[in-house]
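Some notes on the structure that comes next.
Just so we're on the same page: letters track the sequence lines, and every chain starts at 1.
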Amino acid sequence: MLNQLLVKPAQRNLNTSRFRLPLATLTTVPESPPPPIDATVAKLVLESDPKTLSQTLSNPTFQWTPLLVDNILKRLWNHGPKALQFFKHLDRHPTYIHSISSFEHAVDIAARLREYNTAWALMGRMRALRLGPTPKTFAILAERYATGGKAHKAVKVFLSMHEHGCHQDLNSFNTILDVLCKTKRVEMANNLFKTLRGRFKCDSVSYNIMANGWCLIKRTPMALQVLKEMVERGVDPTMVTYNTLLKGYFRCGQLNEAWEFFLEMKKRKCEIDVVTYTTMVHGFGVAGEVKRSKRVFDAMVKEGLVPSVATYNALIQVLCKKDSVQNALLVFDEMVGKGCVPNLTTYNVVIRGLCHSGEIERGVEFMKRMEENGCMPSVQTYNVVIRYYCDEGELEKGLELFEKMGNGTCLPNLDTYNILISAMFVRKKSEDLVLAGKLLIEMVGRGFLPRKFTFNRVLNGLVLTGNREFANEILRMQSRSGRVLRHVKL
DNA sequence: TTAGGGTTAG
């Protein structure tokens with residue numbers, strides 16, 4: 001098993017005679033069910049040589065459409081460099097022209113890799129083709145700057161929109177406020193809000209975004225202040241405003257205040273909605289008040305409101321965490337019985353619950369079940385199961401799932417690599433450390449930056465297990481990547 | 001991709 005993994009990605013899956021066949025032939029291979037075309041092409045891109053990729057993609061067998069290209073980019077999401085390679089090669093195609101949404105995916109991917117120059121170049125190309133950039137393109141770039149720790153750049157992006165041929169309006173202003181708030185730069189958002197709220201004629205959405213921002217950083221009094229201000233300025237609070245504040249109280253562990261606020265909402269004849277109830281079910285439950293959580297759920301049904309998938313998910317998670325998986329599964333069956341279709345989150349919550357109570361195999365069964373029900377396991381699903389396998393010392397089973405991800409349609413992400421690399425230190429075996437090194441190299445190649453801690457840990461591990469040569473190889477890779485993370489002397 | 005409720009460890 002380990003040996004298989006040690007093979008470089010390019011050499012993996014060499015049963016690729018299928019690969020060279022035109023796609024028309026591929027569909028006749030008696031394999032059931034045939035993978036969707038975007039999965040096939042994504043795999044082809046992953047395993048092909050960058051030098052010949054253009055030629056491969058020029059094959060007239062491929063019927064490129066914006067939808068197909070978008071789906072391929074989504075599949076390659078967790079292999080940014082390959083995704084961009086694919087996009088750029090196709091950009092040189094003699095007849096096909098990328099759509100706005102494909103460009104926006106590419107901008108997103110480039111900015112996530114912190115290749116901001118590439119992102120700007122793509123936007124320049126959009127403009128040259130008269131496809132944009134659109135307000136959404138700027139929103140994407142701003143969000144990537146903000147999540148990459150460059151909030152000031154995000155604001156600059158917004159302020160410079162008009163210079164790139166894109167008009168600033170209230171929507172784009174609200175978007176930048178939201179981006180800053182969601183990345184916890186609430187003070188910065190507040191400054192921008194105070195400075196420009198007159199110019200953009202802020203509406204309830206703007207105030208709701210700010211209130212939510214303060215709640216996210218647990219400063220509920222400031223959120224109340226926003227509520228007060230909006231009323232003073234003649235902007236009516238909405239259900240979103242109230243639900244935001246309610247959630248804020250729960251986030252701070254202020255259960256009594258949350259309850260009082262809920263009663264106040266009722267007293268003022270607010271049309272308490274399903275979001276209000278979901279917030280309550282979740283809030284009381286995760287605080288350990290399972291009975292109260294269930295009571296709220298029952299009260300909601302009694303009042304004639306229909307629980308949504310999110311409401312069921314909240315209750316199921318609460319039962320998994322604070323009660324028993326058995327009871328959570330009863331609720332799962334109940335929701336299905338009532339015709340409420342479980343979604344990805346439902347399955348992920350149940351699978352985590354099962355794994356946490358030591359029933360990993362049942363969790364894996366649920367993975368099969370979700371697939372049968374047309375809900376494909378996500379990278380989070382895999383990560384949960386892999387993590388619990390590793391915690392239980394079943395590294396091989398975790399690696400088996402990891403292999404399945406690589407072969408199939410759900411590429412591993414940063415978390416997956418971190419989980420597996422950490423697991424490689426448990427047995428203190430030389431071969432495990434070598435595998436950790438291979439994983440480290442692979443993740444860097446896919447555009448994920450390991451933390452310094454991870455780098456040093458792997459290097460130290462390799463040196464201590466006598467793999468000095470390999471440790472040096474990793475160091476060379478590290479210096480090639482232009483980042484000096486080394487704190488270890490070999 | 002203009003706002004609020006479900007997945008992220010005890």
### Message
Taking the C1' atom in each of B/dG5 and B/dA9, what is the distance between them to the nearest angstrom?
### Response
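My reading of the C1' atoms in B/dG5 and B/dA9 gives 23 Å.
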### Spacing of the C1' atoms in B/dT2 and B/dG6 (rounded, Å)
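So the two C1' atoms sit 22 Å from each other.
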### Task
Could you tell me whether the side chain of A/His98 and the main chain of A/Phe87 form a donor-acceptor pair under 3.5 Å?
yes
### Task
Please answer whether the main-chain N or O of A/Trp77 pairs with a side-chain N or O of A/Arg112 as donor and acceptor at a distance below 3.5 Å.
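At least one qualifying donor-acceptor pair exists.
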Tell me the interatomic distance from [X], atom [atom1], to [N], atom [atom2], rounded to whole angstroms.
X	N	atom1	atom2	result
A/Leu354	B/dT7	CG	P	17 Å
A/Gln168	B/dT1	CD	C1'	16 Å
A/Asn383	B/dA9	CG	P	13 Å
A/Met367	B/dT7	CE	C1'	14 Å
A/Met161	B/dT2	CE	P	11 Å
A/Tyr347	B/dT8	OH	P	17 Å
A/Tyr277	B/dG6	OH	P	17 Å
A/Asn348	B/dT8	CG	P	9 Å

Could you work out which one of [options] sits closest to the side chain of [X]?
X	options	value
A/Lys182	B/dT8, B/dA3, B/dT1	B/dA3
A/Asn208	B/dG5, B/dT2, B/dA3	B/dA3
A/Thr311	B/dG6, B/dT1, B/dG5	B/dG5
A/Asp203	B/dA3, B/dT7, B/dT2	B/dT2
A/Thr345	B/dT1, B/dT7, B/dG5	B/dT7
A/Thr279	B/dG5, B/dA3, B/dT1	B/dG5

Give [X] one of three labels, base, sugar-phosphate or nothing, depending on what nucleic acid heavy atoms sit under 4.0 Å from its own.
X	value
A/Glu143	base
A/Met239	base
A/Asn171	base
A/Val179	nothing
A/Asn343	base
A/Asp415	nothing

#### Entry: pair A/Lys321-A/His356: side-chain heavy atoms closer than 4.5 Å
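When only atoms from C-beta onward are counted, A/His356 and A/Lys321 do not touch, as no gap falls below 4.5 Å.
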## Note on the structure
CD1 of A/Ile421 to CG of A/Asp432, rounded to nearest 0.5 Å, is 12.5 Å
Side-chain N,O ([X]) to OP1/OP2 ([N]) below 4.0 Å:
X	N	result
A/His282	B/dG5	no
A/Lys247	B/dG6	yes
A/Arg387	B/dA9	no
A/His356	B/dT7	no
A/Gln317	B/dT7	yes

### Query
Are more than 12 heavy atoms from other residues, nucleotides or ligands located less than 6.0 Å from atom CG of A/Asn117?
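No.
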### Query
Do A/Thr278 and B/dG5 share a donor-acceptor pair, side chain to base, under 3.5 Å?
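Yes, the side chain and the base share a sub-3.5 Å donor-acceptor pair.
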### Message
Distance criterion of 3.5 Å, no angle test: do you see the side chain of A/Ser308 paired donor-to-acceptor with the base of B/dG5?
### Response
yes
### Task
Could you classify B/dG5 for me, syn or anti, using a glycosidic angle within 90° of 0 as syn?
anti
I'd like a table of donor-acceptor pairs (distance under 3.5 Å, sequence neighbours excluded) in which one partner is a side-chain atom from residues 145-155 of chain A, with atom names and distances.
from: A/Tyr145; atom 1: OH; to: A/Trp120; atom 2: NE1; distance (Å): 3.1
from: A/Thr147; atom 1: OG1; to: A/Glu143; atom 2: O; distance (Å): 2.9
from: A/Thr147; atom 1: OG1; to: A/Arg144; atom 2: O; distance (Å): 3.2

Under 3.5 Å, side-chain donor or acceptor atoms of residues 206-218 of chain A against the rest of the protein: list the pairs with distances, not counting sequence neighbours.
from: A/Ser206; atom 1: OG; to: A/Asn174; atom 2: OD1; distance (Å): 2.7
from: A/Ser206; atom 1: OG; to: A/Asp203; atom 2: N; distance (Å): 3.2
from: A/Ser206; atom 1: OG; to: A/Asp203; atom 2: O; distance (Å): 3.4
from: A/Ser206; atom 1: OG; to: A/Asp203; atom 2: OD1; distance (Å): 2.9
from: A/Asn208; atom 1: OD1; to: A/Thr241; atom 2: OG1; distance (Å): 2.7
from: A/Asn208; atom 1: ND2; to: A/Ser204; atom 2: O; distance (Å): 3.3
from: A/Asn208; atom 1: ND2; to: A/Thr238; atom 2: OG1; distance (Å): 3.4

